[in-house]
Amino acid sequence: MAAGGGSAARAALLLLLGAATAPGPARGSQGDREPLYRECLGRCERQNCSGAALRHFRARQPLYMGLTGWTCRDDCKYECMWLTVRLYMQGGHRVPQFHGKWPFWRFLFFQEPASAFASFLNGLAGFIMLLRYKATVPPASPMYPTCVAFAWVSLNAWFWSTVFHTRDTAVTEPQILQKLDYFCASAVILHSVYLCGVRTLGLQRPALISILRAFLLLILAAHISYLTLVRFDYGYNMAANAAIGLLNVAWWLRWCARTRLPHGWKCAAVVLLLQALALLELLDFPPLFWVLDAHALWHIGTIPLNVLFYSFLTDDSLYLLKAKAELCKVD
C-alpha cells in the first residue's frame, strides 16, 4: 500500500509539473481590452518605464516588491486598472475583470491577499495536523501510508495555491502558476476518492485498489491534457471537479451511514460542509472591500474543515489499529 500510494503521488506530481510548463492561451478580459486602460498603460510605460524614470522607479521601489517580481509595467497595470475601475463605477457600470481576474487591493507584494493568506493557513493547519497524526498513529495502522500520502498531496496543493494568489507574475504568461493551482486541486479531489476507496474497499480487496489507482491517474492525465493541449477552460475545470467531488461525497456518506462508527460524524460533516462551501465558487462577484471574493471566502471556510478531517483520519486509523490488534489476539 505504501509503495503504491507513493508511486502514484510521484507520478501525479511529474504529470502536474510537466503540464503546467506547456504553453497555453493568452488571457484577456473586458477591463484590459478597454481602450482607456490600454491608453493609460501605454502612457504610463512611456513616462515611467525607460531611461532615468525607470532608474528612479527602481531606486524607490521597496526591496520586497523587486524580489517578488513587481516591475514598472506591473505597477502601471495596477494604477491603470484602478483608474478604469473608478471610471466604470462613476458611469454606473459593472466592475470589469482584468487579465482574467477581479481587481484586488494589493497588500505589500500580495496580489490577492485574502486568498493567499487563507491558502497559507490551510497549508499550515494541514502540516500541523499531519505532524499530530504521525505522532499519534503508529505506522502499523492499515491506513497510515495512504493518509500520509493524502496529506502531502494536499500540502502541495495549498503551497501552489498560496504562491499563485500571492503573485501570478507576467513571467508565467502560459499561466504556469494558475495551471499548478488548478491541477493540484484536481489531484487532491481525486486522491480523496482514492483515500475513500482504500478505506472502504482496499483493506479487504487490495487488488481493486491497484485498478482504482490506475483509473484515477488516467482521469487526472486526461483532465490535465485537455486543459493543457485543447483549451484552458475555467468552466470545464469547475464542472469536472464538481462531478468528482459529488462522487466523493456520495461514497463517503454511504460508508458513514453503513458503518456508523463513533467518529464517522466528523467525516460526514466535512464532506457535506465542503460541498456547501463549494457553492461559493459558483458565485462570481467583485471583491468585497476589494479583498474578499467568493474564492477567498471558500478558502477561509476550509481551514477548520482541514482540522476536522485530519481529526477523523487520526481517530479512524487508531480504530483500525485497535481492530487489527483484537483480530490478532483472536487468531
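Remember, predicted model here, so these are calculated numbers, not experimental data.
No path of Ile, Leu, Val, Met, Phe, Trp and Tyr side chains, each step under 4.5 Å between heavy atoms, connects Ile128 with Tyr144, placing them in separate hydrophobic clusters. Under a hydrophobic-cluster definition in which Ile, Leu, Val, Met, Phe, Trp and Tyr are linked whenever side-chain heavy atoms come within less than 4.5 Å, directly or via other members, Val85 and Phe289 are assigned to the same cluster. Residues Phe117 and Leu292 fall into different hydrophobic clusters, defined by Ile, Leu, Val, Met, Phe, Trp and Tyr side chains chained together at heavy-atom separations under 4.5 Å. Clustering ILVMFWY residues whenever any of their side-chain heavy atoms sit less than 4.5 angstrom apart, transitively, puts Leu305 in the very cluster that holds Ile244. Note on Ile219: it clusters hydrophobically with Met238, by side-chain heavy-atom contacts below 4.5 Å among ILVMFWY residues.
Looking at Asn122 and Ser119, their side chains never bring a donor and an acceptor atom within 3.5 Å of each other. Using a 3.5 Å distance cut-off with no hydrogens or angles, the side chains of Asn156 and Trp160 do pair a donor with an acceptor. For the residue pair Ser317 and Tyr133, a side-chain donor N or O sits within less than 3.5 Å of a side-chain acceptor on the partner. Side-chain contact, His223 with Asn237: a donor N or O sits under 3.5 Å from an acceptor N or O.
The number of heavy-atom neighbours closer than 6.0 Å to CZ of Phe107, taken from other residues, nucleotides and ligands shown, is 12 or below. Remark: Met89 CE is loosely packed, at most 12 non-hydrogen atoms of other residues, nucleotides or ligands lying under 6.0 Å away. Counting non-hydrogen atoms of neighbouring residues, nucleotides and ligands closer than 6.0 angstrom, the OH atom of Tyr64 exceeds 12 such neighbours. For Phe127, the CZ atom is loosely surrounded, since the number of other residues' heavy atoms within 6.0 Å does not exceed 12. For Tyr226, the OH atom counts as densely surrounded, since its 6.0 Å shell holds more than 12 non-hydrogen atoms of other residues, nucleotides or ligands. Summarising the local packing, CZ of Phe285 is surrounded by more than 12 heavy atoms from other residues, nucleotides or ligands at distances under 6.0 Å.
The backbone N or O of Tyr310 sits less than 3.5 Å from a side-chain atom of Thr314, completing a donor-acceptor pair. One N or O on the side chain of Asp74 and one on the backbone of Thr71 form a donor-acceptor pair closer than 3.5 Å. Using modelled atom types, one side-chain atom of Thr259 and one backbone atom of Trp255 make a donor-acceptor pair closer than 3.5 Å. Under the 3.5 Å distance criterion, the side-chain polar atoms of Thr166 are matched with a main-chain donor or acceptor of Thr162.
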Could you walk me through whether Gln111 and His165 pass the side chain to side chain contact (heavy atoms under 4.5 Å, CB included) test, one step at a time? CA-CA 6 Å; Gln111 193 168 357; His165 291 301; over 6 Å; no
Step-by-step ring-ring contact (aromatic ring centres under 6.0 Å, His included) determination, Trp158 to His299: CA-CA 10 Å; Trp158 287 121; His299 280 337; 5.2 Å; yes
Given the rule in the side chain to side chain contact (heavy atoms under 4.5 Å, CB included) test, do Leu67 and Phe109 qualify, once you have shown the distances and angles that lead to the verdict? CA-CA 9 Å; Leu67 291 175; Phe109 54 83; over 6 Å; no
ring-ring contact (aromatic ring centres under 6.0 Å, His included) between Trp152 and Phe150, worked out: CA-CA 6 Å; Trp152 284 114; Phe150 173 77; over 10 Å; no
Stepwise side chain to side chain contact (heavy atoms under 4.5 Å, CB included) check, Asn248 with Cys196: CA-CA 8 Å; Asn248 193 38; Cys196 184; 4.2 Å; yes
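Partners of Cys44 under the disulfide (SG to SG under 2.5 Å) rule, at least two apart in sequence or in another chain, are Cys76. Evaluation of the disulfide (SG to SG under 2.5 Å) rule for Cys72 yields Cys49 as partners, not counting sequence neighbours.
Side chains of Ser186 and Leu220 form a contact here, defined as non-hydrogen atoms less than 4.5 Å apart. A heavy-atom distance below 4.5 Å is found between the side chains of Asp293 and Ser115. Side-chain contact between Leu308 and Pro304 is absent, with no heavy atoms from C-beta onward closer than 4.5 Å. No side-chain heavy atom of Val137 sits less than 4.5 Å from a side-chain heavy atom of Met143. Looking only at side-chain heavy atoms (C-beta outward), Ile209 and Tyr194 come within less than 4.5 Å of each other. Residues Lys77 and Phe98 form no side-chain contact, since every pair of their non-hydrogen atoms from C-beta on lies 4.5 Å or further apart. In this structure the side chain of Leu277 reaches within 4.5 angstrom of the side chain of Trp298, judged on heavy atoms. Using a 4.5 Å heavy-atom threshold, the side chains of Val271 and Leu253 count as touching.
Of all heavy-atom pairs between Pro145 and Ser141, the closest is CD-O, 4.0 Å. Summarising the geometry of Val307 relative to Ala125, their closest heavy-atom pair is CG2-CB, 4.2 Å, with the distance given to 0.1 Å. Closest approach of Leu108 and Met65 over heavy atoms only: O-SD, 3.3 Å.
The CG atom of Leu208 lies 9.5 Å from the OG1 atom of Thr200; values are rounded to the nearest 0.5 Å. For the atom pair OG1 of Thr84 and CG of Leu36, the computed distance is 4.5 Å after rounding to the nearest 0.5 Å.
Between Tyr88 and His93, the ring planes lie perpendicular to each other; the angle is over 60°, past the 30° to 60° tilted range.
Using a 4.0 Å cut-off between charged side-chain N and carboxylate O, Arg106 and Glu112 make no salt bridge.
Contacts classified as ring pair (Phe, Tyr, Trp, His ring centres under 6.0 Å) and involving residues 258-284 (residues at least two apart or in different chains) are given here: His263-Phe312, His263-Tyr319.
For the pair Lys101 and Phe164, the cation sits on the ring face: its NZ or CZ lies under 6.0 Å from the ring centre, inside 45° of the axis.
Annotation: Trp290 is in aromatic contact with Trp82 [ring centroid separation under 6.0 Å].
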